[in-house]
Amino acid sequence: MRDTAIPAAGDGIYFDGRVSVRRRVRVALTVSGLEFEDTDGRLLGQWAYSEIQSLNAPANVLRLGKRNNARLERLEIADDALAAAIDARALQIDRSGGLQKRQRIAVIGWSVLATFSLLLLAWIGVPAAAARLTPYVPVALERKLGNAVDAQVRETLDTHRLGVGFECGTSNTGAQSALARMQQPLERAAALGTPLTLTVVRRPESNAFALPGGHIYVFEGLIDKSATPDELAGVLAHEIGHVAHRDGTRAVLQQAGLSFLLGMILGDFIGGGAVVIAARTVLQSSYSREVETAADVYGVALMQKAGGDGRALGTILNKIGGATEPGMKILRDHPETAARIAAINRLASAGKAAAFLGAEDWASLRAICKG
Amino acid sequence: MTMSSLDTTGRATHFLGSKRDYWRLLSRGALLLIVTLGLYRFWLMTDIRRFLWCHTEIDGETLEYCGTPLELLLGFLVALAVLIPIYGSFFLAALDLGSIGQWSGLIGFVGLGFLGQYAIYRARRYRLSRTIYRGLRFSQAGSAWLYALRALAWWVVTALTLGLAYPFQVASLERYKMRNTYYGNQPGRFAGDGWRLFFRGLPLWLLTMGPIAAAISALVGAVDWDGVVNALGQGSDNVMARVEGASPGFGAAIAFSLLMLAVAIGMASLLYPVFQSMVLRWWCSGLRFGELSARSKLRIRDVYRAYMRFLWYALLFTALLGAVSLVLGIAVAALSVPDGAELAGTAIALAGYVVAALGYSTIYRATVLLSLWQLGVDALQLSGVEMLDKVEAGTRTGSSLSEGLADALNVGGY
C-alpha cells in the first residue's frame with residue numbers, strides 16, 4: 001500500500017457531536033473504511049466507506065459525517081491528498097460534483113416539464129374547469145357574489161358628481177317604464193329563471209356590462225350613441241347572453257383559479273407580483289374573446305326571437321368600435337370589431353322587423369339621464 | 001486548546017467566499033428560475049445558504065448548512081394546504097357578511113400580517129435547526145404565535161409613533177428570538193439596548209421627518225381649507241383660479257410641500273445605508289451565548305461602497321436591457337402582420353419585465369446583500385471564545401417542517 005502515490009493516512013479534525021470541543025485526529029484508511037484516533041492513540045471511530053457522506057463545507061475542506069447518525073459527528077480533512085484518497089474509495093463521496101450535477105439536471109428537467117404542465121393547466125385546464133363548475137354554482141350564491149361585486153362596481157364607477165345621482169331615472173317614471181318595455185320582451189324570450197336588474201348610470205363612455213346574478217349596467221354614453229331602440233336592445237341582448245351563459249360567475253372562478261395557480265404555486269422569488277397580474281390579464285382576455293363571440297351569437301338570436309332587428313347589434317358595435325380607446329389588441333376584451341360585425345351579419349336574417357320601442361317611449365328613454 | 005485560553009479577546013470571524021463564485025451561482029440560478037417559472041427557487045435558496053454558511057468562519061471553524069431543497073418544497077406544499085382553506089373561507093365569508101365584507105380587506109391585511117410574522121419565526125427556527133457548528137446544532141424554542149402577537153403589537157406602536165418606537169421594537173423582538181435560541185444546550189440572549197439605537201438613529205429620523213413636517217405645517221397653516229373645499233365643491237370649471245381666490249398662497253403651499261416631500265424622499269434614500277449599517281452593527285454587538293459576546297466594527301463607508309457597486313452594475317444592466325429591447329422592438333415593428341406584431345410586443349414586454357426584475361434582484365443579492373453578510377461577519381469580534389470548547393449537545397431535534405408558510409407569504413429572508 002505504501003508504494004502507491006495514494007496516502008493511507010493523514011491529519012484531520014474531529015467533533016464527536018456531544019461536546020463542541022475540537023480534536024486533532026490521525027486518520028487511517030483501511031480496506032473497508034477509515035479509522036481515526038486522537039493524539040494519545042485512542043481509537044475514536046471506525047467508519048465504513050459505505051456509510052460516510054460529504055457535507056456542506058468550503059472547497060478546501062472535506063467534511064464527513066456518518067449517514068443516519070443521530071449524533072452529528074464530524075470529521076474534517078483539509079489535507080487535499082488524503083481527501084482525494086477518501087473520495088476515490090468511497091462511492092458516495094463526490095468531490096467533483098458529478099453526481100450532484102446529474103441529480104440537479106434531473107431536477108431541472110422535471111421542473112421544466114412541471115412548468116409546461118402548469119402553463120397548459122392555466123391555458124386550458126382552468127377555463128375548462130371553470131366552465132364545468134359554473135353550472136353547479138347555486139343561484140343563491142351567484143346572487144350573493146353579484147351583490148358583492150355590485151357594491152365594488154358602484155364604488156369604483158360612481159364619480160360622485162355633485163347634485164346628480166349615479167343612477168339615472170330613479171324618479172323619472174316615464175323613462176323607467178320605457179326601459180321596462182324594452183327589457184320585458186327580451187327577458188320573456190330569454191326565459192332565464194332569474195330576474196334581471198337593469199340600471200342606467202351616468203357615465204360618458206359607450207359601454208354596458210353584466211355582473212353575476214343578473215345585474216346589467218348600461219352607461220349613459222351608450223344610450224346617446226344609439227340611433228334606434230333596436231341598437232340599444234341589441235346590446236342588452238348581448239349582455240343578457242352573458243347572464244344566460246353565467247359568464248360573470250365563470251370569470252370569478254377563472255380569476256380565482258389563475259390567481260391561485262400563478263400566484264401561489266409558482267411563487268414570487270423576485271417579488272414580481274406584476275408578472276402574475278400581467279400574465280393573468282393576457283390569459284383572461286384571451287378567454288373573454290370567445291365569451292364575447294358566444295354572447296354575440298346569443299344576442300342576435302334573442303333579438304330575433306323577441307321580434308327585433310338582429311343586425312342592430314352590429315350597427316352600434318360599428319359606432320362604438322370606431323371610438324374605442326387605443327390600446328393593445330390582445331388586452332382589449334372585445335375581438336376585432338369588424339370581424340364581430342361580419343359574424344353578426346352572417347347570423348342575422350335581413351328582414352326588417354318593426355321598431356323595438358315606440359317613438360314616444362324611445363324619446364323618453366333617451367332622456368333618462370337628462371332629468 | 002492551550003492557545004485559546006491565552007488569547008480570549010478579539011477573536012475574529014471571517015467570510016471566505018469569493019464574489020465571483022457567488023455571481024456564478026446567482027446568475028445560473030436566475031436563468032433556471034426563468035425556465036422553471038420560479039419552481040427552482042427551493043434549490044437556489046438552498047445553494048445560496050450552503051454558500052453563505054460554509055464560507056462563514058467563526059474561530060477557525062465554518063458553519064454547515066444541512067437543509068435540503070426537498071424540505072423547502074414539502075414545507076411549501078404543507079403551507080399551501082393550510083392557506084387554501086383560509087383564503088377560501090375568507091372569500092366565502094366576504095360574500096356572506098355583507099357590510100363586514102367591506103372590512104374584509106383590512107381584516108385580511110392584518111390577518112396575513114399576523115400569519116407573516118408567525119411564518120418569519122417558524123422560518124428562523126428551520127434555518128437555525130439546519131445550522132451545524134462544531135458538530136452541534138442550533139435550535140429555537142418559544143412560541144411562534146406569541147412572537148407574532150408581540151410583533152404585531154409592536155408594529156402598531158411603531159406606526160403610531162411614526163417610526164420612533166422602531167429601536168424598541170427591534171430590541172424587544174430580538175430579545176424574544178435570542179433567548180429562545182440555543183447553540184447546543186447553551187441559550188443565547190440579546191443585550192442590545194433600544195435607547196442606544198434610538199439616540200443614534202434620531203438624527204436620521206429628524207432629517208427625514210423634518211421636511212415632511214414642514215410640508216404639513218405649510219399646508220395646514222397657509223391654506224384656508226374651508227375656502228378650498230367650498231371652491232372645489234362649485235363644479236369643475238376653472239377650479240384652480242377659484243381655489244387661489246378663496247385661499248391666497250394655495251399654489252405656493254402645494255409647490256413647497258411637494259418640494260419638501262421630494263427632499264424627504266431624497267434624504268431617506270441617501271441615509272438608508274447609514275441606517276442599515278447602524279442597525280446591523282447594533283444588532284451584531286448585542287449577540288450573546290453564555291460568556292461568548294460579539295462586538296461589531298462595521299464601517300458605514302463600506303456599506304455605501306456596496307450600494308455604489310449595486311448602482312453601477314444596475315446601470316450597466318439597464319443599458320444592456322435597453323439596447324436589447326430596442327433591437328427587438330425594431331424587429332417586431334418590421335413584422336408585417338399587425339396582429340402578430342402586437343402579440344409579439346406583449347410577449348417581449350412581459351419577458352422584459354421578468355428579466356429586468358430578476359436581473360435587478362440578482363444584482364442586489366450579489367452586491368448589497370452579500371456585502372452586508374460579508375461585512376457583518378468580517379467586522380465581528382468575539383470575546384469569551386473559550387466557551388466554544390465546552391458546549392454540549394442539546395436535546396431539541398429541530399423542526400421537520402420547513403419555512404413553507406414564509407415562502408408562500410413571501411416573507412422569507414436568507
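Quick note on labels: first sequence line is chain A, next is B, and so on, each numbered from 1.
- Looking at A/V107, only its side chain comes within 4.5 Å of chain B, counting heavy atoms on both sides.
- For A/R24, the CZ atom counts as loosely surrounded, since its 6.0 Å shell holds 12 or fewer non-hydrogen atoms of other residues, nucleotides or ligands.
- Put simply, of B/L16, B/V35, B/D21, the one with the most heavy-atom pairs under 4.5 Å next to chain A is B/V35.
- Contacts of B/L388 with chain A are made by backbone atoms alone, with heavy-atom separations under 4.5 Å and no side-chain atom involved.
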**OP:** May I have the step-by-step check of salt bridge (Lys or Arg N to Asp or Glu O under 4.0 Å) for B/E392 and A/R18, ending in yes or no?
**Re:** CA-CA 6 Å; B/E392 288 171 22; A/R18 293 201 172 102; over 6 Å; no

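- Pairing each heavy atom of B/A393 with each of A/G17, the nearest pair is CB-O, 3.5 Å.
- At distances below 3.5 Å, not a single donor-acceptor pair connects side-chain atoms of A/N56 with backbone N or O atoms of B/E64.
- In terms of heavy-atom proximity, B/L32 sits nearest to A/I108 at CD1-CD1, 3.4 Å.
- Residues A/L72 and B/R137 meet the side-chain proximity criterion, which asks for heavy atoms closer than 4.5 Å.
- With a threshold of 4.5 angstrom between heavy atoms, A/L113 does not approach chain B through any atom at all.
- In this structure, chain B has a heavy atom under 4.5 Å from the side chain of A/R63, while its backbone stays farther away.
- B/I132 is listed as a side-chain neighbour of A/R74, based on a closest heavy-atom distance under 4.5 Å.
- The shortest side-chain heavy-atom distance between B/Y40 and A/R104 falls under the 4.5 Å cut-off.
- A 4.5 Å side-chain heavy-atom check between A/S20 and B/Y183 finds at least one atom pair inside the cut-off.
- In this structure, CD1 in A/I13 is found 9.0 Å from CZ in B/R134, a value given to the nearest 0.5 Å.
- Neither the backbone nor the side chain of B/Y360 comes within contact range of chain A, judged by heavy atoms closer than 4.5 Å.
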